[in-house]
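Written out below as structure tokens is the structure these notes cover.
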Amino acid sequence: AIGPELAWFNLCLRKLDLAGNGSISSYGWSAMLHGLGGGVLEEINFRGCSLDQAKATAIGAKLAASKTSLSTVTFRRNSHLSANDWDVLLGVLDGAALEIIDFSACDLDEEKAAAIGANLPALKDSLRKLDLEGNRDLPAAGWSTMLHGLGG
């Protein structure tokens, strides 16, 4: 029921903190974020939302509609996303003017890092901060693959 209410604020809502909402279903995410497209949303926080494939697909479809205004996206503590899920979430942001992306404590592995790295070239001109804190199990090859997307 919050989705239609958020739509009323899409022309003034700049920051949306959805942290800790792990029980929201993929349908719930889609319905809630539906009215935000074409607005002025600058920051969105999905910290600890237990995102998975279905949720990533639903959220990705709605993030695409807000990419022209988004500057900060927080995915912190979402460790159940696959490499393909990261590709879905970041692929829709191609061309966005993102300045900050937070992947802290997302349990990134080499495959997930490669998917993220493949999407970074489309964001590198505006990106100012890439938070990767707490991804302790990511091997050196994964770091290299991911950060290669920011080079040159």
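Atoms considered below: every heavy atom in the structure, side chains included; atoms not considered: hydrogens, waters and symmetry mates.
- Screening residues 113-133 for ring pair (Phe, Tyr, Trp, His ring centres under 6.0 Å) gives no qualifying pairs among residues at least two apart or on separate chains.
- With sequence neighbours left out, the side-chain hydrogen bond (donor to acceptor under 3.5 Å, both in side chains) criterion links N45 to D17.
- The two residues S126 and A97 make their nearest non-hydrogen contact at OG-C, 3.2 Å.
- Counting only heavy atoms from C-beta outward, the side chains of L127 and I101 approach each other to under 4.5 Å.
- Contacts of S26 classified as side chain to side chain contact (heavy atoms under 4.5 Å, CB included), with partners at least two apart in sequence or in another chain: A54, K55, A58.
- Every salt bridge (Lys or Arg N to Asp or Glu O under 4.0 Å) that E133 has, sequence neighbours left out, goes to R76.
- Counting only heavy atoms from C-beta outward, the side chains of L16 and L36 approach each other to under 4.5 Å.
- Scored by the salt bridge (Lys or Arg N to Asp or Glu O under 4.0 Å) test, E42 finds R14 as partners (sequence neighbours excluded).
- Between A115 and A83, the shortest heavy-atom contact is CB-O, 3.2 Å.
- In terms of heavy-atom proximity, M32 sits nearest to I24 at CE-CD1, 3.6 Å.
- Screening N78, D131, T74 for a side-chain hydrogen bond (donor to acceptor under 3.5 Å, both in side chains) involving S104 leaves a single residue, D131.
- Take A96 and apply the side chain to side chain contact (heavy atoms under 4.5 Å, CB included) test, not counting sequence neighbours, and it matches K67, L93, L98, L123.
- The shortest non-hydrogen separation linking L138 to A113 is CD1-CB, 3.7 Å.
- No side-chain heavy atom of D102 sits under 4.5 Å from any side-chain heavy atom of V73.
- The aromatic rings of F75 and F103 lie parallel to each other, their planes meeting at an angle below 30°, with 60° marking the opposite boundary.
- Checked against side chain to side chain contact (heavy atoms under 4.5 Å, CB included), V88 has the following partners two or more places apart in sequence or in another chain: N84.
- Taking R77 as the reference, nothing meets the salt bridge (Lys or Arg N to Asp or Glu O under 4.0 Å) condition, with sequence neighbours excluded.
- Linking Ile, Leu, Val, Met, Phe, Trp and Tyr residues whenever their side-chain heavy atoms come within less than 4.5 Å places L18 and L63 in a single cluster.
- Partners of W29 according to the ring pair (Phe, Tyr, Trp, His ring centres under 6.0 Å) rule, which considers only residues two or more places apart in sequence or in another chain, are F46.
- Screening residues 108-121 for side chain to side chain donor-acceptor pair (under 3.5 Å) gives D87-N119 as the qualifying pairs, with residues at least two apart or on separate chains.
- Counting only heavy atoms from C-beta outward, the side chains of L120 and L90 never approach each other to under 4.5 Å.
- Residues L33 and I44 have side chains in contact (heavy-atom distance under 4.5 Å, counting atoms from C-beta outward).
- Partners of L147 according to the side chain to side chain contact (heavy atoms under 4.5 Å, CB included) rule, which considers only residues two or more places apart in sequence or in another chain, are L130, L132, W143, L150.
- When side chains are defined from C-beta on, S82 does not count as touching Q53, because their heavy atoms never get closer than 4.5 Å.
- Side-chain atoms of C106 and L81, non-hydrogen and from C-beta on, never get closer than 4.5 Å to each other.
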